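Everything below concerns the one structure shown next.
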2 protein chains.
Amino acid sequence: MDEGGNRTFASEDEAPRDGAGRRPITLADVAREARVGESTVSRVLRSHGSFSEKTRARVEAAVARLGYVPNRIAGTLASTGSRLIGIVIPSLTNIVFPDLLRGATAALEQEGFQSVIAVTDYDQDREEAVVGSLLSWRPAGLIVTGLEHNPGTRRRLIASGVRVAELLDIDGPGLDIVVGYSNRAAGETSARHLAGRGYRRIGYIGHDLTKDRRAAKRYAGFRDALAQAGLALAGEERVAAPSSVEAGRQGLAALLARSPDLDAAYFSNDDMALGGYFHCLSAGLPVPGRLALFGYNGLDVGRLMPQPLATIRTPRVEAGATAARLLCAGGPATVVDLGFELIEGATA
Amino acid sequence: MDEGGNRTFASEDEAPRDGAGRRPITLADVAREARVGESTVSRVLRSHGSFSEKTRARVEAAVARLGYVPNRIAGTLASTGSRLIGIVIPSLTNIVFPDLLRGATAALEQEGFQSVIAVTDYDQDREEAVVGSLLSWRPAGLIVTGLEHNPGTRRRLIASGVRVAELLDIDGPGLDIVVGYSNRAAGETSARHLAGRGYRRIGYIGHDLTKDRRAAKRYAGFRDALAQAGLALAGEERVAAPSSVEAGRQGLAALLARSPDLDAAYFSNDDMALGGYFHCLSAGLPVPGRLALFGYNGLDVGRLMPQPLATIRTPRVEAGATAARLLCAGGPATVVDLGFELIEGATA
DNA sequence: GCAACTTTTGGCAGCGCTGCCAATCCGGAC
DNA sequence: GTCCGGATTGGCAGCGCTGCCAAAAGTTGC
């Protein structure tokens, strides 16, 4: 039945069992060992249907004796649903997405699901490709980030008939389940906060907004709310790179070089803001006396800075967990607004 | 041939096609549509075996027309290898592991593999459970973290016959492929560096070492090298929590309260060290004049602090990528020492 | 035009498991 | 002892795809 060292085998039943490379052990082997039918083994292993206690013991003993590991590939093919959830995130560099994963995998595990992840690098074409790739595993559901997808992605998602949860944004129409918060409102809240505190010459330091649509929405909300307060951005710097501490530090330095008279800086993310804070420390700029700083996301690190960072805390872990639970539960399409929280901190 | 409002269907072949919920489209549908055999479609889709250009075009047109998505579950069951790699990491909170994932998923994608991830929360029993769960997907390989596993996990890994890569540690015997660096040597290097700079009253601030075996190895190496230099730890603080900025900040504060005369602090991780740095800033302790700080991992944030953090840079992304490539390549068992790099920084 | 190949193609038996259905067993009730 | 209904159990047809093998279609050389 397979490459047998140099003995020969009278019947397939005598072929060497697994252990480390031989014929894999199957449900049929367990059934034979336990002297019951295959369906009985299947029922016992899934605790589904009825069987006697004696049978259960027999089967479990056989499983242990043979070291049987069920083959979920076969199980999934034979049954319908797959107990796999695909998760598509733009990046693993920004801690925001591991947070989301964390919430999702924890909730999925409780429900007995497994997650397959894919990373898009904020590229919509890659998103389309990885969505296709994930769909080929016939997942029970898909978690994607944001509401903006290119037409091919939308088409695939819709055509697949798979439940989809779109995360971390609710500013726009969703396909099915939407879990997140309003980035636009977060931007507005940030602007109102800074304006309310009396800052007038406010600058913006952001990363690549064409790729990060949620950051673009915060930016738009921020500008609009400033305008309502009779203000305009006193300067801005877009770093053509993903959000990072370094981008924030260099961005603020560059912006101050051009517009030295800013009194506040709004960053597209907390890690950018932390970079800005480091710049202020290095340059000897008192915060917030000389320059106020405001971030976004509410990372732990901001809370622990000598002066806690003024920011917006977003429920990322909760979003992942909520989406996972909704997907598993299989209810109707919904939009869940988890909201966000203004953290006043001490830097603005 | 596809979704027809409320007609009835003469034969199963006329049953409504997918679109959003009907009978899923299969390879057989594509074959019929393209008027070729199923195996021909399969060959074209996998670019495997030979077929004419004309046939390729016909098949691709049919695929596009029907919106066919191959079913990898069925494909995997029918063929042998699964093009899935399971990745087991202890945590998603510490950026180290997303880094590892990043390297691995990027390399895997190039090879046409997909990754399934599972998180253990530094718990060996959970590791055993998730390894079992991942093995049931019959992955082509498994990436796990560290060399320490409980007996059940080892048994399963060995019995499965699946290739395994153990990452981020090379201090001990491995099962198959081992990719990483010596944590012990990193601890030693750190101690020698501090001792060489003339620090004499060195304290240690660490997180939960019973769970994080690699941190424990660094700690052991650090103590041993100090001893060789005729020194001993002048104090230590173990925070009973995972590594975090907060743990570092509180840990250093607590340690200094007990041992105010320390001249240097060695942290189990960079995020702990960053917390320590924040404490120094808040408490007005000059760094490194009053207290030197030394971390581990070489996170970006350390490089961008007003005074770059003295630390050890570890090749985490590279480790993930290397392991992924080795697993896909299928060579012999090996140990790959990627080494680490001392970053002198300005805090020690 | 034909033999000898090579390329292209189709048919079909599984891969290992689950779902359905029929068979068997068991414990009263009669 | 017999009959009945529910609890257990086994058999077997797929799930959708790939691998193998043989058939069909082209090619080339004479």
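The chains referred to below are lettered A, B, ... by the order of the sequence lines, with proteins before strands, and numbering in each begins at 1. Just so it is clear, the structure is predicted and the values come from calculations on it, not from any experiment.
- Contact annotation: Arg72(A) side-chain N/O to dC17(C) OP1/OP2 distance is not under 4.0 Å.
- Among the heavy atoms of the strands lying under 4.0 Å from Ser50(A) is at least one base atom, whether or not backbone atoms are also near.
- Two residues, Glu53(A) and Lys54(B), neighbour DNA chain D, and the one matched to the more 5' nucleotide by heavy-atom proximity is Glu53(A).
- Remark: Arg46(A) is in phosphate contact with dG19(C), judged by side-chain N or O atoms under 4.0 Å from OP1 or OP2.
- Remark: Ser39(A) is not in phosphate contact with dG10(D), judged by side-chain N or O atoms under 4.0 Å from OP1 or OP2.
- When each of Phe51(B) and Ala74(B) is assigned the nucleotide of DNA chain C bearing its nearest heavy atom, the one mapping closer to the 5' terminus is Phe51(B).
- If you take CG of Leu45(B) and C1' of dG16(D), they are 13 Å apart, rounded to a whole angstrom.
- For dT8(C), the OP1/OP2 oxygens have no side-chain nitrogen or oxygen of Ser52(B) closer than 4.0 Å.
- Using a 4.0 Å heavy-atom cutoff across all strands shown, Thr55(B) reaches sugar-phosphate atoms only and no base atom.
- When the P atom of dG11(D) is taken as reference, atom CD of Glu38(A) falls 8 Å away, rounded to whole Å.
- Rounded to whole Å, the distance from CZ on Arg43(A) to C1' on dT8(D) is 7 Å.
- Classification of Arg23(A) and Asp29(A) as a salt-bridged pair holds, one side-chain N sitting under 4.0 Å from a carboxylate O.
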